[in-house]
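Structure first, commentary second.
Below, chain A is the first sequence line, B the second, and so on; all start at residue 1. None of the values given here were measured: they were computed from a predicted structure.
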Amino acid sequence: MNPTPSMPVPPPWDGDVARARALQLELAAAVRLRDDYPPLRRLAGVDVGFEDGGAITRAAAVLLDARTLAPLAERVARLPTRMPYIPGLLSFRELPAVLEALGALPETPDLVFVDGQGIAHPRGLGIAAHLGVITGLPAIGVAKKILVGTHGEVGPRRGDRVELRYRGKVVGAVLRSKEKVRPLVVSPGHRVGLESAPELVLACCTRYRLPEPTRLADRIASRRDRGGSLFP
DNA sequence: GCGACAG
DNA sequence: ATCTTGTCGC
């Protein structure tokens, strides 16, 4: 992704929870849930970790070949942490660092996988949806736990899934990405449909619970990369 | 009023 | 998310 001139970022945290929530409602209105992504050539995965007991926010972005899922580039961004974790306002805490790492990638991805919720959120704007609306890029949220919503039992086989409902609406899917592991919570972030999101995530799940884009970003963001880059 | 609550 | 080693189960 080239030096992007005007990529709007969340305003500095001022402690005003009510205003942040109001902004989420505005941005949620811009979310598009229709499949509208280009032929997939490049994928990206982003995730966040912390250093100094939370003082530093460390974001990682990984670029992958969509066909082979092989990593092509990785970027890390470190920023002073501006606000505490508040359920429902996660994106305001993590997005600044994520956008910096994403913007530093050598190419603009066709689709971004984000560790967290898409529209499966109290106001329809989880971090994946927030990122999508702000960057204009197609995005999907892949979370390890539910924030809101309910669902029936999920089958035991890879690929089995059930709808995630919130306030009478389908907002995502609970997907078994691999046998004998807890299912993932998948929800569209932007420019991706409710049916396509789980399909795209599953296509990126090889031998682990998490899809490659998010799994690789997670390794780097959480300092588990064991000494260095993905390219030995 | 009492829980629940992505990372 | 993070603090943290070995250990039990598939």
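Atom CZ of A/Arg219 is separated from atom P of B/dG7 by 19 Å (rounded to the nearest Å). When rounded to the nearest whole Å, the span between CD1 of A/Ile127 and P of B/dA6 equals 13 Å. Going from atom CG of A/Asp115 over to atom P of B/dA6 covers 12 Å, rounded to whole Å. One interatomic measurement links the two molecules: CD of A/Gln117 to P of B/dA4, which rounds to 18 Å at whole-angstrom precision. Summarising the geometry, the separation between CZ on A/Phe92 and C1' on B/dA6 is reported as 14 Å, rounded to the nearest angstrom. Per the geometry, CD belonging to A/Glu94 stands 5 Å off C1' belonging to B/dG7, to the nearest Å. Following rounding to the nearest Å, A/Glu179 (CD) and C/dG9 (P) show an atom-to-atom distance of 21 Å. When rounded to the nearest whole Å, the span between CZ of A/Arg182 and P of B/dA6 equals 12 Å.
A/Gly126 comes within contact range of at least one nucleobase, with a heavy-atom separation under 4.0 Å. Within 4.0 Å of A/Leu89, counting heavy atoms only, lies at least one base atom of the nucleic acid. Residue A/Ile86 is out of contact with every strand shown, counting any heavy-atom pair closer than 4.0 Å. Counting non-hydrogen atoms under 4.0 angstrom, A/Phe50 reaches the backbone sugars and phosphates but no base. Residue contacts shown for A/Gly141 are absent, as no nucleic acid heavy atom lies under 4.0 Å away.
Once the 5.5 Å centre distance and the 30° plane angle are applied, the aromatic ring of A/Tyr85 is found stacked with the base of B/dG7.
Between the side chain of A/Arg161 and the backbone N or O of A/Gly159 there is at least one donor-acceptor pair closer than 3.5 Å. One N or O on the side chain of A/Arg191 and one on the backbone of A/Gly136 form a donor-acceptor pair closer than 3.5 Å. In this structure, the side chain of A/Asp52 does not engage the main chain of A/Ala55 through any donor-acceptor pair within 3.5 Å.
Using cut-offs of 30° and 60° on the angle between ring planes, the pair A/Phe92 and A/His130 is perpendicular.
OP1 or OP2 of C/dT2 has at least one side-chain nitrogen or oxygen of A/Ser222 nearer than 4.0 Å.
Residues A/Lys144 and A/Asp115 are paired through a salt bridge, judged by an N-O separation under 4.0 Å between the basic side chain and the carboxylate.
When the nucleotides B/dA6, B/dG7, C/dT2 are ranked by their closest atom to the side chain of A/Lys144, B/dG7 comes out on top.
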